[in-house]
Protein chains: 2
Amino acid sequence: MLSQIAPSDDLAFFRPHQFLARENERPEAYYDILEGWACRHRLLSDGRRQITALYLPGDLCDPIWPLSGVCHDAVVALTNVRAVRRPLGDMQPLDRSRGAGLRLAESIERQSGWLVSLGRKTAVERLAHLLLELFERMRRAGLAYGQQCALPLTQTDIADATGLTAVHVNRTLQAMRAKGVLEFHSKWLRIPDLGALRDLAALGPHDPV
Amino acid sequence: MLSQIAPSDDLAFFRPHQFLARENERPEAYYDILEGWACRHRLLSDGRRQITALYLPGDLCDPIWPLSGVCHDAVVALTNVRAVRRPLGDMQPLDRSRGAGLRLAESIERQSGWLVSLGRKTAVERLAHLLLELFERMRRAGLAYGQQCALPLTQTDIADATGLTAVHVNRTLQAMRAKGVLEFHSKWLRIPDLGALRDLAALGPHDPV
DNA sequence: GCTACTTTGAAACATATGTGAATCCAGTGT
DNA sequence: ACACTGGATTCACATATGTTTCAAAGTAGC
């Protein structure tokens, strides 16, 4: 999946909360994530935070890079991250590699799913949807073991991705655990019945993930 | 802004509720919108609806077209629409024109703004944000007259874009009108004080729109 | 093994927004 | 003029989710 490492590329390491790209700055590189999780997010002036994308191992972390040249979302590591750094040099917003369009289109697809989630779904549906998506992505990356996978997010991270509060994420997860549709302790997710969780997520038969 | 019309291109007309692209089908064309408004949206099985993008005159209505080859969002006309139809022929998801990446990146930017809105903003903030964005886009398209522009959306459309109910959109708009930050009757929007509305929208100093 | 810090769990209470149902109103066609 | 229609407006009421606070349980550094 990953392309070869070119001479100018380099391995990069990040600790939790370190920036891969800062808000209102021109991005200097993009990253192939080898290990660890990162996210794209925006902050409001009063501290409210919304995660707009999650990057898992194997993902290409594309700088979203409009004509203005500066990012409007910050990209920050959620765990320790090991990645291949691919400098942008003096590349212009119009210069994108073949395949970039496809990747971006898929980001839009995923974001549309998130918009539906945030705009129209209940807390249970949002959580089911998110956890299902993450499990599925981990599985595709070869990082799921049977019905379980690592999920190194705090409940606060999950809240910021789903547009809920941490308190409500906690009580909703409790309820879902009680119903037996998922287990989630110490950064480890187990989904006993994929189908049941999918039903809870209010996904259509054709919806991706 | 619009490219020339090639021989295989053609003018297309749509009435409200007509599809420019259907869910779960391969898109057959994309459109340069000359006149009228359209939107991309998804429906849940119980009828809940979320608008994921709005297309205004001058916009290029890109089919979001992942590797699977089929759209997951429908594109439908909200008003009468006149557009240049550009057939995709046998173009593959990987074949995208130069500049497509940039346009898609800008869509992601805008969608990120919507995610923040839906996930973290109050009803007043969401409405201020949306109306401001639409006014600004109309202005850039040369379709604003001073502080006013056409805004041919029903309150139900606005609700489906902001993740609120039509009833709540109505009462929130009333309140905003009462405070004098906007006027909006019969599909016509007037913003007496852009700055005031921008403050209400909880946008950062660098946020686009 | 002790301290400091982060994350999870819980309870009581507050409120923004949703629901359901009428009514009103403007535009359109007959 | 009249009836239809989709949209806007209102009202009374319901509830999912937010807020605040605190305690318990992990986790990391030393």
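Below, chains carry the letters A, B, ... as their sequence lines are ordered, and counting in each starts from 1.
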Round to a whole Å and report the spacing from CD1 of Ile158(A) to C1' of dT6(C).
-> 15 Å
Given atom CZ of Arg120(A) and atom P of dA16(D), what is their separation to the nearest angstrom?
-> 17 Å
From the list dT19(D), dT17(C), dA8(D), which nucleotide is the closest neighbour of the side chain of Leu164(B)?
-> dT17(C)
Does Gln155(A) or Thr165(B) map to a spot on DNA chain C nearer the 5' end, using the closest nucleotide for each?
-> Gln155(A)
Within the structure shown, what part of the strands sits under 4.0 Å from Ala166(B) by heavy-atom distance: base, sugar-phosphate, or nothing?
-> nothing
When rounded to whole Å, the CG to P distance for the pair Asp46(A) and dG18(D) reads 14 Å
Checking side-chain contact (heavy atoms from CB on, under 4.5 Å) for the pair His41(A)/Ile51(A): CA distance, chi angles, key distance, verdict?
-> CA-CA 4 Å; His41(A) 74 190; Ile51(A) 291 179; 4.2 Å; yes
Closest nucleotide among dT7(C), dG7(D), dT17(C) to the Thr154(B) side chain = dG7(D)
For residues Tyr30(A) and Arg85(A), is any side-chain donor paired with an opposing acceptor at under 3.5 Å?
-> no
Per-helix bend value, the helix from dG1(C)-dC30(D) to dT30(C)-dA1(D), C1' rotation axes over five pairs per end, 10° rounding, shows 60°
Have Gln111(A) and Ser112(B) got a donor and an acceptor in their side chains that come within less than 3.5 Å?
-> yes
Give a yes/no on whether any side-chain N or O of Asn170(A) is located under 4.0 angstrom from OP1 or OP2 of dG9(C).
-> yes
Looking across every strand, which nucleic acid part, if any, lies under 4.0 Å from Thr122(B) by heavy atom: base, sugar-phosphate, or nothing?
-> sugar-phosphate
May I ask you to say what Thr172(B) touches in the nucleic acid, namely base, sugar-phosphate or nothing, with a heavy-atom cut-off under 4.0 Å?
-> nothing
Specify the separation, in whole Å, of atom CH2 of Trp188(B) and atom C1' of dA26(C).
-> 19 Å
Regarding Arg126(B) and His129(B), is there a side-chain donor-to-acceptor distance under 3.5 Å anywhere?
-> no
Of the listed nucleotides dT17(D), dT7(C), dT17(C), the one nearest the side chain of Lys187(A) | dT7(C)
Rounded to whole Å, the CG-C1' distance (Asn80(A) to dA28(D)) equals 13 Å
For Leu173(A) and dG9(C), give me the distance from atom CG to atom P, rounded to whole Å.
-> 8 Å
Over how many whole Å does the gap from His168(B) atom NE2 to dG18(C) atom P extend?
-> 6 Å
Would you indicate, yes or no, if dA8(D) has its OP1 or OP2 atom less than 4.0 angstrom from a side-chain nitrogen or oxygen of Gln174(B)?
-> no
Of the candidates dT7(C), dT17(C), dA12(C), the side chain of Arg171(A) sits closest to dA12(C)
Arg42(A)/Gln50(A) under side-chain hydrogen bond (donor to acceptor under 3.5 Å, both in side chains): CA gap, chis, key distance, verdict | CA-CA 6 Å; Arg42(A) 276 189 207 185; Gln50(A) 178 65 46; over 6 Å; no
Taking the side chain of Val167(B) as heavy atoms from C-beta outward, which of dA11(C), dT17(C), dT19(C) is closest to it?
-> dT19(C)
Pair Glu183(A)-Trp188(A), side-chain donor/acceptor within less than 3.5 Å | no
Compare every heavy atom of Met176(A) with every heavy atom of Leu127(A), then report the nearest pair and how far apart it is.
-> CB-SD, 4.1 Å
Rounded to the Å, how far apart are Lys121(B) NZ and dT17(C) P?
-> 13 Å
Give a yes/no on whether any side-chain N or O of Arg177(B) is located under 4.0 angstrom from OP1 or OP2 of dT9(D).
-> yes
Indicate the ring-plane relationship of Phe14(A) and Tyr31(A), choosing parallel, tilted or perpendicular according to the 30° and 60° boundaries.
-> perpendicular
